[in-house]
Amino acid sequence: MSGYSEKELYEEIRLKNSILVEGLSFEPGIFKNLDLGHTYVEGVNALFAQDKEAHRGIEFPSCFLTPKGNYQVRIRWFRDSRYTLEYEDGQYNIYERGSKVPVVENVRFKSRSAYYDQKTSDGTSMRTIAQDNGYGVIFIVYSNECSLKDKGLDCLFCNINATRAIYAEAQGISWRSPKQIGETVAAAYKEGFHKLTVSGGFVPERREVDYYIDVAEAIADATGLADFNGTACVGAPTDLSVFEKYKEAGFRTIATNMEVWNEKLFEYICPGKSQLCGGRQNWLDALREELNVFGRFKVRSTFVSGLETRESLLSGISYLVNQGVVAFPSQWYVNVGSAFEGHRTPEDAWHFDVAERTVDIYRSNGLTWEELRDATAESDSAVHDLFRLKEGITLDEKGNWKKSGTKK
């Protein structure tokens with residue numbers, strides 16, 4: 001990032017945020033000139049499809065990198081976006097509607113990790129087991145279906161079951177065994193990855209605990225690491241004593257995602273989480289017990305940013321961060337197949353303001369970059385980028401984070 005001013009990088013993060021909110025418009029066949037799936041990494045729809053339209057059988061790049069800060073921008077396809085990706089004279093450019101000057105010229109797509117080409121001992125493609133979230137982080141999806149659908153209690157913003165119906169067969173996504181996960185993590189860690197999150201759909205509580213323990217043991221056996229820097233993303237159990245088991249199994253951090261802070265909206269938008277997990281108060285009790293077991297800033301709870309008012313969302317983030325929970329606003333993109341399909345997320349300025357104010361909350365409560373990175377499932381959101389910029393944190397030549405000085 002050297003050579004660019006803080007203001008230039010700040011404006012690039014703002015542009016990134018806007019493209020994430022608005023998506024990118026392009027013709028599905030535009031990537032025929034890109035060495036996708038070999039040189040450049042393709043998107044794998046293992047849990048949530050991020051596009052507003054389905055494209056079964058047609059793969060898109062996972063993300064591109066901004067020209068100044070090398071910020072990772074995930075590609076979300078939306079034909080009506082005001083941002084258009086064009087292929088011109090052998091390169092890709094991004095334009096804002098009505099302008100002939102690219103906002104991003106000669107787009108650089110993210111390189112493909114070596115483990116994407118590898119298979120487990122039973123012949124399963126590793127790219128379907130763990131996805132590269134950038135900056136040394138992998139995201140493992142053990143289950144690409146949610147049992148809440150059968151009960152009619154799906155979260156209204158979620159499209160996990162629709163994603164499975166659209167993409168699972170085409171991309172080879174299915175339930176993953178602990179052994180498959182362990183072998184994949186070992187391959188990714190050998191390549192240089194060093195952080196993972198295990199997540200999936202809603203499963204019965206007892207089955208979830210036992211499975212996560214088996215996964216942790218398989219990862220430890222395959223990597224030889226007692227501490228593999230893993231986050232277990234789990235629902236709020238009725239038996240809060242089970243959190244000790246996750247810690248003993250080897251997970252460094254844990255995540256229990258409330259999704260919505262407002263009590264009434266939580267009940268309406270997340271009926272399954274409300275009715276089958278002891279209600280909203282039990283989710284708060286679960287977070288409190290996780291703090292007792294794992295410690296301050298070793299616990300995360302994600303909110304879907306845009307489902308409730310800004311002040312309601314930020315009040316929840318402020319309250320939980322003050323308690324020691326890494327409360328994280330995940331930008332709501334209205335994806336294909338969810339109950340909210342056809343709705344609209346708030347404008348980009350709204351989301352950027354939430355990101356900035358969240359970073360201020362983190363810094364005022366003493367949250368460090370290492371704690372934020374370890375507790376969250378990715379390190380490439382606008383929140384992460386702004387946090388690093390304000391804290392003066394950059395990547396050195398060896399790919400390690402370094403702090404050059406605290407900023408205001």
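Below, each value reflects all heavy atoms present in this structure, side chains not excepted, and no hydrogens, waters or symmetry copies.
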For Cys146, side chain to side chain contact (heavy atoms under 4.5 Å, CB included) partners two or more places apart:
Leu148, Asp154, Ile160, Asn161, Phe202
Would you say the side-chain atoms of Lys16 pair up with the backbone N or O of Gln72, donor to acceptor, closer than 3.5 Å?
yes
Report yes if some heavy atom in the side chain of Trp283 is under 4.5 Å from a heavy atom in the side chain of Lys273; otherwise report no.
yes
Decide if the gap between the ring center of Phe60 and the ring center of Trp77 is smaller than 6.0 angstrom.
yes
Are any side-chain N or O atoms of Tyr92 and backbone N or O atoms of Ile30, one a donor and one an acceptor, separated by less than 3.5 Å?
yes
Qualifying side-chain hydrogen bond (donor to acceptor under 3.5 Å, both in side chains) pairs with a residue from residues 324-340, counting only residues at least two apart or across chains:
Asn17-Gln331, Arg76-Gln331, Asn159-Asn335
Quick one: side chain to side chain contact (heavy atoms under 4.5 Å, CB included) partners of Ser318, sequence neighbours excluded?
Ile361
Taking the side chain as C-beta and beyond, is there a heavy-atom pair between Val326 and Val321 under 4.5 Å?
no
Distance in Å, Trp261 CH2 paired with Leu313 CG, rounded so as to fall on 0.5 Å steps:
10.5 Å
Output yes when Glu27 and Lys32 qualify as a salt bridge under the 4.0 Å nitrogen-oxygen rule, no when they do not.
no
Mind checking the CZ-SG spacing from Phe48 to Cys158? Nearest 0.5 Å is all I need.
4.5 Å
Heavy-atom distance under 4.5 Å between the side chains of Asn70 and Arg108, does that happen here?
yes
Do Thr394 and Lys403 get their side chains close enough for a donor-acceptor pair, meaning under 3.5 Å?
no
For Arg74, enumerate each residue passing the salt bridge (charged side-chain N to carboxylate O under 4.0 Å, His left out) test, keeping only those at least two apart in sequence or located in another chain.
Asp380
Run the salt bridge (charged side-chain N to carboxylate O under 4.0 Å, His left out) test against Glu217 and tell me which residues pass, sequence neighbours left out.
none
Mind checking ring-ring contact (aromatic ring centres under 6.0 Å, His included) for Phe352 and listing every partner two or more places apart, or none if nothing turns up?
Tyr10
Under the side chain to side chain contact (heavy atoms under 4.5 Å, CB included) rule, collect the residues that match up with Pro102, sequence neighbours excluded.
Asn93, Tyr95, Glu105
Which pairs count as ring-ring contact (aromatic ring centres under 6.0 Å, His included) when at least one residue sits in residues 284-314, sequence neighbours excluded?
none
Taken in chain and number order and not counting sequence neighbours, the residues that satisfy salt bridge (charged side-chain N to carboxylate O under 4.0 Å, His left out) with Glu22 are Arg82, Arg344
Taking only residues at least two apart or on different chains, which pairs with a member in residues 146-179 satisfy ring-ring contact (aromatic ring centres under 6.0 Å, His included)?
His55-Tyr167, Tyr142-Trp175, Trp175-Tyr211
Regarding Thr253 and Thr231, do their side chains bring together a donor and an acceptor under 3.5 Å, going by distance alone?
yes
If you measure only the distance, is there a donor-acceptor pair under 3.5 Å linking the side chains of Thr66 and Glu12?
yes
Take Asn257 and Phe328 through the side-chain contact (heavy atoms from CB on, under 4.5 Å) test and state the conclusion after the steps.
CA-CA 9 Å; Asn257 298 327; Phe328 179 73; over 6 Å; no
Between Arg176 and Asn144, does a side chain to side chain donor-acceptor pair (under 3.5 Å) hold up when you go through it step by step?
CA-CA 9 Å; Arg176 297 310 183 197; Asn144 65 332; over 6 Å; no
Taking atom types as modelled and ignoring hydrogens, do the side chains of Asp132 and Ser113 form a donor-acceptor contact shorter than 3.5 angstrom?
yes
Using a strict cut-off of less than 4.0 Å between a Lys/Arg side-chain nitrogen and an Asp/Glu carboxylate oxygen, indicate whether Arg207 and Asp210 qualify as a salt bridge.
no
For Ser125, side chain to side chain contact (heavy atoms under 4.5 Å, CB included) partners two or more places apart:
Lys119, Arg127, Thr128
Partner residues of Glu53 under the salt bridge (charged side-chain N to carboxylate O under 4.0 Å, His left out) criterion, sequence neighbours left out
Arg79
